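Read through the structure below, which is laid out as structure tokens, and then see the notes.
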Number of protein chains: 2
Amino acid sequence: MNKPATIKDIARILKISTSTVSRALRDASDVSAETKNAVKSLSEELNYQPNKFALSLQQKQTHTIGVIVPNLDYVLSTMVKGIDEVALEAGYTVMVCQSNESFGREIVNTKRLSESLVDGFIVSVSSETKVFDHLKKIQAKKMPMVVFDRVTPFLEAPTVHLDNKDGGFQATEHLIEQGYKRIAILAGPKNLEISNHRLEGYLTALKKHKVKIDPDLIINCDFNQEYAYIATQELLSMKKRPDAIFTISDRMAIGAMLAIKEKGLSMPEDIGLVGFNNEPMFSLLQPSISSVDQPSFEIGKVAAKLFIEMMHNNEDMSSVVEILKPKLIIRESSQRLKKNKLTK
Amino acid sequence: MNKPATIKDIARILKISTSTVSRALRDASDVSAETKNAVKSLSEELNYQPNKFALSLQQKQTHTIGVIVPNLDYVLSTMVKGIDEVALEAGYTVMVCQSNESFGREIVNTKRLSESLVDGFIVSVSSETKVFDHLKKIQAKKMPMVVFDRVTPFLEAPTVHLDNKDGGFQATEHLIEQGYKRIAILAGPKNLEISNHRLEGYLTALKKHKVKIDPDLIINCDFNQEYAYIATQELLSMKKRPDAIFTISDRMAIGAMLAIKEKGLSMPEDIGLVGFNNEPMFSLLQPSISSVDQPSFEIGKVAAKLFIEMMHNNEDMSSVVEILKPKLIIRESSQRLKKNKLTK
DNA sequence: AACGCAACCGGTAACGCTACCGGTAATCCC
DNA sequence: GGGATTACCGGTAGCGTTACCGGTTGCGTT
């Protein structure tokens, strides 16, 4: 009961060789059914578990995926769940490391995991990351790597992410259709792709509907709630204040909502508001807030599938890009035109 | 550049033995400074990284901690950050697996990780888990295991958790002091310790202040927001409705808040509300909601420290219990008596 | 001159497993 | 009946690393 049983123990007890035991356990062809049964039942009895390290040492494979994420908020932890699901099924184990939005931490994590602990990586970069040498080093080692969610053009790797342009477009067009005329956007940090793409979608929608683009209504600020709160206060104290706000994250929408309420304005009458991510809490606020929902779980699954594909047939897949569609969930905060059915 | 360098390569190039290389790299005493330098500079150049598997195979140690959590919500992901921090510093890598509140998933995860992938576990059990054989099996293997947050009396292991009784007490006493007379509690599932302890604290506070205990005001429901919403609706339609509600999680507080607003009641005047966990969003709602803050990061750190201590001097520590104190954060939702300074 | 003792270093085995080669016995076929 | 084929099994080496034992120098001591 103390030392874990090995293949040797089984061989010794059954008076056969370790080779035979090994083959029997793996259902190889050239072992008699009789010995197979003997081996299997004994291994069951001894609670035999193969030593992964011995295997990895030999086969240079760990069957483990390193997942690096900037944090574990609602969206990312859901994506990780998706990764988990697929990986588990394919016989992989997942190691999750959060970089905590810190560039330094991201480097340490990748380095550690790449020290022969994992077969490859599924990465979402931190907001601080502007240099990608640590990830390129991994690619140089021929380790498979998939980038998801927070992607970057500076890395040649297969990629999974939301159609952020479409998300921005849907939200903005919806606001236009609801009769809002001066639509502001709280965009995120300028160096993040997701931020810029959502902004692009916003611009496209305005152009399509021939709404004049006012640079004063485009605010780049941090993802932080506080910043959004302050930015909204400033927006609302403009001479020609906006009559709708689109924030590219839900946390920012909360900040905006607070500022709107403090100003004594009502949603959706005075101001329309649409967020991004559709955190579950959003349906419960008052007013409930419209938000662009992304298939986070699915994105995680696709990333993992891509990774496993990359693992198996190791051809170059760096040009593969999987883009998933968002879906606008319309709630009270932006529903100015009365309709029969309100999405709760 | 293709194959990773091994000590053999270094030995071959330097024309010395692998043993010497090994010792040089570990700064052993009986290697001349000269060869040490030669070895170190060459290993640098070749980008040598020791193969963890060869090490683990020999020393039966993985320097990896398996962390099993039911989910990665705000509280738990903060705790995991704490674990990360301490583990990294002590030279350990962390593998996080979320059981997704599923008993079956928890079993699969523990089994996988225990297959010689990790040295031991830091666990928070799922809400479904009522049988603990899978964890006892791990203990039988003499693997160190620390239980945190969601603890259970059915497991003899060192334990780290919040003083949940005190949390319940603080919240309830605060409501009493604010002049609320009929204080309801939305407690969680009956089989969870954290739920029962917070309820106990509630009862203790009532007794201390000689407030009559009304069983109708004690509701056991799921952690779910929806349930809290419904439960609150029922509470508010009682003949003698409560004038304050204490929910043992923040998600539940949101549900309660929604029901209160729908009923046209105001906080804190008509109804006082206190939540639990102090999720960051809470300070931004309107009214801002009072909540019991727990030192999640610290709890994670303590759990990891305990684990490492257990690793090093492997004596029996199953009786160790670390209890950390919560701190009530008072905000608008329960602040009926006007004071000069409001905590924002 | 003979011995002892550091200071260094090399060789070997072992960790648990599988790939590979080879061997034995039984069976089959002409 | 002899060679070929099949079905099964064993031995050995090797994955990368370190522990252990032993050996070789060179120097100081008696």
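Please read these numbers as outputs of a predicted model, since none were measured by experiment.
Here A:Arg26 lies in heavy-atom contact (under 4.0 Å) with sugar-phosphate atoms only. As judged by a 4.0 angstrom heavy-atom cut-off over every strand, A:Ser19 is placed among the base-contacting residues.
Residues B:Asp84 and A:Gln98 approach most closely at OD2-CG, 4.0 Å, considering heavy atoms. In terms of heavy atoms, B:Pro70 sits closest to B:Ser99 at CA-OG, 3.2 Å. For the pair B:Phe121 and B:Ile138, the tightest heavy-atom approach, listed with the atom from each and the gap, is CE1-CD1, 3.5 Å. Closest approach of A:Ala11 to A:Ser17, counting heavy atoms only: CB-C, 3.8 Å. Across all their heavy atoms, A:Val131 and A:His134 have their closest contact at O-CE1, 3.4 Å.
Within residues 7-18 of chain A, the residues approached by DNA chain C to less than 4.0 Å at the level of any non-hydrogen atom are A:Ile7, A:Lys8, in residue-number order. Residues from residues 42-58 of chain B that place a heavy atom under 4.0 Å from any atom of DNA chain C, listed by number: B:Leu57, B:Gln58.
In this structure, B:Leu25 atom CG and D:dT18 atom P are separated by 7 Å, rounded to whole Å. For the pair B:Arg23 CZ and D:dC20 P, the interatomic distance rounds to 12 Å; values are reported in whole Å. Rounded to a whole Å, the NZ atom of B:Lys60 is 18 Å from the P atom of D:dT17.
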Secondary-structure notation, DNA chain D, from Watson-Crick and G-U pairs under 3.5 angstrom (| other strand): ||||||||||||||||||||||||||||||

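The nearest heavy atom of DNA chain C to A:Asp30 and to A:Val21 marks one nucleotide each, and the one closer to the 5' end goes with A:Val21.
The span of DNA chain C lying next to chain B, judged by atoms under 4.0 Å from heavy atoms, is bounded 5' to 3' by C:dC8 to C:dG16.
The 12-atom threshold is not exceeded at NZ of B:Lys137, counting heavy atoms of other residues, nucleotides or ligands nearer than 6.0 Å.
Here the straight-line distance linking atom CD1 of B:Ile16 with atom CD1 of B:Ile7 works out to 10.0 Å at 0.5 Å rounding. Between A:Asp149 atom CG and A:Ile122 atom CD1 the span is 12.5 Å, to the nearest 0.5 Å.
Among pairs with a residue in residues 74-83 of chain B, none fulfils salt bridge (charged side-chain N to carboxylate O under 4.0 Å, His left out), at least two apart in sequence or across chains. Applying the side chain to side chain donor-acceptor pair (under 3.5 Å) test to residues at least two apart or on different chains, the pairs with a partner in residues 50-62 of chain A are A:Lys52-B:Glu115, A:Thr62-A:Asp119.
For A:Lys36 and D:dC8, the shortest distance from a side-chain N or O to OP1 or OP2 is not below 4.0 Å.
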Audit row: A:Ser22, A:Arg26, side-chain hydrogen bond (donor to acceptor under 3.5 Å, both in side chains) steps and yes/no: CA-CA 6 Å; A:Ser22 171; A:Arg26 278 170 302 129; 2.7 Å; yes

Trace of the salt bridge (Lys or Arg N to Asp or Glu O under 4.0 Å) decision for B:Glu101 with B:Arg150: CA-CA 11 Å; B:Glu101 301 283 4; B:Arg150 304 257 194 100; 2.8 Å; yes

Working for side chain to side chain contact (heavy atoms under 4.5 Å, CB included), residues B:Met310 and B:Val320: CA-CA 11 Å; B:Met310 212 170 161; B:Val320 176; over 6 Å; no

